Amino acid sequence: MSPNETLFLESTNKIYKDDISSSSFVNFQIWDFPGQVDFFDPTFDYEMIFRGTGALIFVIDAQDDYVEALGRLHLTVSRAYRVNPEINFEVFIHKVDGLSDDHKIETQRDIHQRANDDLADASLEKLHLSFYLTSIYDHSIFEAFSKVVQKLIPQLPTLENLLNIFISNSGIEKAFLFDVVSKIYIATDSSPVDMQSYELCCDMIDVVIDVSCIYGLKENGSGSAYDKESMAIIKLNNTTVLYLKEVTKFLALVCILREESFERKGLIDYNFHCFRKAIHEVFEVGVSTPWTGSQAAGTPCTKAVTLNGMPRSTV
């Protein structure tokens, strides 16, 4: 939903699970733990919760006094680590939209320092925490979730290598492989991610889906707003071209390139055909090789991940 719609959301007062496994390539099962729930209470089997977890996301309100939150963070990750040392621990420093740039950096540095000092005091130096500054009023929350999900995708190195080969042979500057529904990018090439470029690509997906919902459906309203015929070209006024192509019914490739490179569209489309075929082969191998997935929990929200119908680690 759009950020302004969240003003009418009620606070979470119980553990809430939401399964959206039918609409996305990265199939999330969301476990939302309200801050006041202590799942280390004897009534909770926290060993069962964490035993199969791939990643745990702990959300801290950057605009609040976070001393108590840091205490709960230490308790949560230390106990979860003892149950399952393979968990990826992710800390979202959230609601940073209300802070100045200097204050954001100082808050992240302070939380990073205190959290790691607490782990060092407990002789848990091997436990690694990743920190992200997030907000719902820009694309930072999507960027952070993209980084978290990528850690749980076994095929990630192969996907990155395919993207590197594709862009180097097509004159493309940057390419993202997007999960269309969530706007999480499950892979990108090895060049650094520029937030502005990522935001442009996210906005392009929104535009394509919105226009397709209006003009792309049949007269009786049947059909899909995103299918194998989905393709879009947007030329910006700075000689940049955005190019979107359907990869699977859940995935889209969004490329950023210069107008002069786009003049070789035939070459790009041929390379894309090879890339798309390789992507399908990668996940066909995955389907034929079952992978034991897992489930998840966190504070205050967690997500279980399945890829292309295959069980995967949870967030």
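One-based numbering along the sequence shown. For clarity, every value in this text was computed on a predicted model and none was experimentally measured.
The closest donor-acceptor contact from the side chain of S170 to the backbone of I167 lies at 3.5 Å or more, if one exists at all. A donor-acceptor pair under 3.5 Å is formed between the side chain of D189 and the backbone N or O of A175. Of the possible polar contacts, one joining the S261 side chain to the G171 backbone as a donor-acceptor pair under 3.5 Å is found. Under the 3.5 Å distance criterion, the side-chain polar atoms of D110 are left unmatched by any main-chain donor or acceptor of E106. N271 places a side-chain N or O within 3.5 Å of a backbone atom of N169 that can act as its donor or acceptor partner. In terms of modelled atom types and a separation under 3.5 Å, the side chain of T53 and the main chain of A55 share no donor-acceptor contact. No donor-acceptor distance shorter than 3.5 angstrom exists from the side chain of T240 to the backbone of L236, with no hydrogens or angles considered. Checked by atom type and distance alone, the side chain of D138 pairs as donor or acceptor with a backbone atom of S140 at under 3.5 Å. Checking side-chain atoms of S135 against main-chain N and O of V96 turns up no donor-acceptor pair under 3.5 Å. In this structure, Q63 contributes its side chain and K95 its backbone to a donor-acceptor pair below 3.5 Å.
By the rule that hydrophobic residues join a cluster once side-chain heavy atoms approach within less than 4.5 Å of another member, F176 and I165 end up as members of separate clusters. Residues I105 and L133 do not share a hydrophobic cluster, clusters being chains of Ile/Leu/Val/Met/Phe/Trp/Tyr side chains in contact below 4.5 Å. No continuous path of ILVMFWY side-chain contacts below 4.5 Å connects Y270 to M231, so the two sit in separate hydrophobic clusters. With hydrophobic clusters built from ILVMFWY side chains whose heavy atoms lie under 4.5 angstrom apart, I209 shares a cluster with I233. Linking Ile, Leu, Val, Met, Phe, Trp and Tyr whenever their side-chain heavy atoms come within less than 4.5 Å leaves I136 and I205 in two separate clusters.
Here the CG atom belonging to D194 is positioned 8.0 Å from the CD1 atom belonging to I256, to the nearest 0.5 angstrom. The CZ atom of F262 lies 6.0 Å from the CD1 atom of I268; values are rounded to the nearest 0.5 Å. Going from atom CZ of F275 over to atom CZ of F166 covers 7.0 Å, rounded to the nearest 0.5 Å. How far CZ of R114 is from CZ of R109: 9.0 Å, rounded to the nearest 0.5 Å. The CG atom of D206 lies 11.5 Å from the SG atom of C201; values are rounded to the nearest 0.5 Å.
For the pair R276 and E246, the salt-bridge criterion is met [side-chain N within less than 4.0 Å of a carboxylate O]. Using a 4.0 Å cut-off between charged side-chain N and carboxylate O, E173 and R258 make a salt bridge.
Taking a 6.0 Å sphere around NZ of K151, one finds it holds more than 12 heavy atoms contributed by other residues, nucleotides or ligands. Residue-environment remark: CD (E68) stays at or below the threshold of 12 foreign heavy atoms within 6.0 Å.
Side-chain atoms of S100 and D102 include no donor-acceptor pair closer than 3.5 Å. One side chain, Y243 or D269, offers a donor N or O that lies under 3.5 Å from an acceptor on the other. For the residue pair Q155/T158, the side-chain donor-acceptor check at 3.5 Å is not satisfied. For the residue pair Y198 and E143, no side-chain donor N or O sits within less than 3.5 Å of a side-chain acceptor on the partner. A donor atom on one side chain and an acceptor atom on the other are not found under 3.5 Å apart for K245 and S230. For the residue pair S182/D179, the side-chain donor-acceptor check at 3.5 Å is satisfied.
Contacts of S123 classified as side-chain contact (heavy atoms from CB on, under 4.5 Å), with partners at least two apart in sequence or in another chain: E125. In this structure, the side-chain contact (heavy atoms from CB on, under 4.5 Å) partners of D117, at least two apart in sequence or on a different chain, are Q113.
With F145 as the aromatic partner, K147 does not meet the cation-pi criteria of under 6.0 angstrom to the ring centre and within 45 degrees of the ring axis.
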